[in-house]
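Below you'll find the structure, written out as structure tokens, and then a few comments.
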Amino acid sequence: VLPEVARGEGPYLIDRAGKAYLDCGDAAVSCLGHSDAHVTAAIKAQLDQVAFAHTGFFTSAVAEDLAERLAGLAPGDLNRVYFVSGGSEAMEAALKLARQYFLEIGQPERRHVIARRQSYHGNTLGALATGGNAWRREPFAPMLIEMSHVSPCYAYRGQDAGEGAAAYGARLAAELEAEII
């Protein structure tokens, strides 16, 4: 039986019995902490205005302000923002955006995605297909789109005895190059 969370405080989740657990984020990362007065006030203020307006039909001042801020922080000429509700949806959108790009430039044959084994990209079918975690993928394998997976860059487990860092990096780069070809 999982502990029942009663509240959050700073970096901790606190169960009904009062035991505190350090919130390490798990698959859904929350870097803001819990019960932060400024965050709570901002959420409440926004809810007093509007809880939700579909981005396919509307925009808002707060969405435009956030988009401008994010675009300003992005490197180079990356200046477009597309809001989604979470990481899995972001992965799905990224996969679709990549596909759409190659369709638009007249290269429909470019449809392959390469990810790392043991990676986690989300819970939807597209994100699960991209992820390289075999035990998560296995029950749904007949439903997943085809993806390629290469070794994770994880020297602790993957670097051979006596293999230096440069040689390890070169081996992984060669594996990726072979998969591309």
Side-chain angles (χ1 to χ4, degrees), residues 1-5 8 11-13 21-34 36 39 42-43 46-47 51-60 62-64 66-71 73-76 78-105 107-158 172-173 175-180:
V1 175
L2 295 174
E4 184 179 327
V5 173
Y12 297 99
L13 295 171
Y21 303 82
L22 181 62
D23 184 0
C24 296
D26 300 313
V29 178
S30 174
C31 62
L32 300 176
H34 302 281
D36 181 278
V39 173
I43 292 169
Q46 182 57 48
L47 284 173
F52 176 77
H54 194 286
T55 58
F57 304 103
F58 298 98
T59 189
S60 66
V62 292
E64 293 296 325
L66 179 58
E68 187 175 314
R69 182 174 178 194
L70 293 172
L73 293 170
L78 292 176
N79 61 3
R80 299 284 193 266
V81 175
Y82 183 70
F83 292 117
V84 294
S85 63
S88 294
E89 188 180 355
M91 279 302 304
E92 297 284 331
L95 290 167
K96 289 170 62 180
L97 180 64
R99 175 66 179 157
Q100 185 67 38
Y101 172 78
F102 288 115
L103 290 174
E104 295 292 331
I105 65 169
Q107 297 178 13
E109 70 283 358
R110 295 189 66 180
R111 60 177 187 81
H112 300 283
V113 173
I114 302 172
R116 298 223 180 254
R117 285 190 294 279
Q118 288 306 105
S119 59
Y120 177 78
H121 297 294
N123 199 37
T124 58
L125 288 174
L128 185 61
T130 306
N133 193 299
W135 69 266
R136 280 192 173 113
R137 294 168 47 88
E138 192 276 326
F140 307 100
M143 301 172 69
L144 302 180
I145 56 178
E146 181 184 338
M147 299 281 180
S148 295
H149 294 92
V150 296
S151 296
C153 189
Y154 185 36
Y156 181 75
R157 296 269 187 229
L172 293 186
E175 180 185 354
L176 177 58
E177 180 70 17
E179 187 63 32
I180 292 170

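When a residue number appears, it is its place in the shown sequence, counting from 1.
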Partner residues of [X] under the side chain to side chain donor-acceptor pair (under 3.5 Å) criterion, sequence neighbours left out:
X: Glu109; value: none
X: Ser151; value: Arg117, Glu175
X: Glu64; value: Thr59
X: Thr55; value: none

### Query
For the residue pair Tyr154 and Tyr156, does the interplanar ring angle fall in the parallel (under 30°), tilted (30 to 60°) or perpendicular (over 60°) class?
tilted
With [X], which residues qualify under side chain to side chain contact (heavy atoms under 4.5 Å, CB included), at least two apart?
X: Leu97; value: none
X: Ala134; value: none
X: Glu68; value: none
X: Ala155; value: Gln159, Tyr168

[X] versus [Y]: any side-chain heavy-atom pair under 4.5 Å?
X: Phe83; Y: Leu66; answer: yes
X: Leu172; Y: Cys153; answer: yes
X: His149; Y: Arg137; answer: yes
X: Tyr12; Y: Asp23; answer: no
X: Pro3; Y: Tyr21; answer: yes
X: Met147; Y: Ile114; answer: no
X: Met91; Y: Val84; answer: no

### Task
Write down the atom of Arg111, the atom of Arg99, and the distance for their closest heavy-atom approach.
CB-NH1, 3.9 Å
### Message
By the side chain to side chain donor-acceptor pair (under 3.5 Å) test, which pairs, at least two apart or in different chains, include something from residues 123-132?
### Response
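Output for this query lists Glu92-Thr124.
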### Task
Sort and list the pairs that fulfil side chain to side chain donor-acceptor pair (under 3.5 Å) and have at least one residue in residues 79-88, not counting sequence neighbours.
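Matches after skipping sequence neighbours: Ser85-Glu89.
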### Message
My understanding is that only residues two or more places apart in sequence, or in another chain, count here; which of them pass ring-ring contact (aromatic ring centres under 6.0 Å, His included) with His112?
### Response
none
[X] side, atom [atom1]; [Y] side, atom [atom2] - distance, nearest 0.5 Å:
X: Ile43; Y: Asp36; atom1: CD1; atom2: CG; result: 9.5 Å
X: Leu128; Y: Asn133; atom1: CG; atom2: CG; result: 8.5 Å
X: Glu179; Y: Glu177; atom1: CD; atom2: CD; result: 11.0 Å
X: Gln118; Y: Trp135; atom1: CD; atom2: CH2; result: 9.5 Å

### Query
Residues two or more places apart in sequence or in another chain: which of them pass salt bridge (Lys or Arg N to Asp or Glu O under 4.0 Å) with Glu4?
Arg16
### Query
Hey, is the main chain of Gly132 close enough, under 3.5 Å, to the side chain of Arg116 for a donor-acceptor pair?
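Not a single qualifying donor-acceptor pair exists.
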### Query
Counting distance only, does the side-chain N/O of Ser119 pair as donor-acceptor with the main-chain N or O of Gly131 below 3.5 Å?
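No, the answer is negative, given that no donor and acceptor are paired below the 3.5 Å cut-off.
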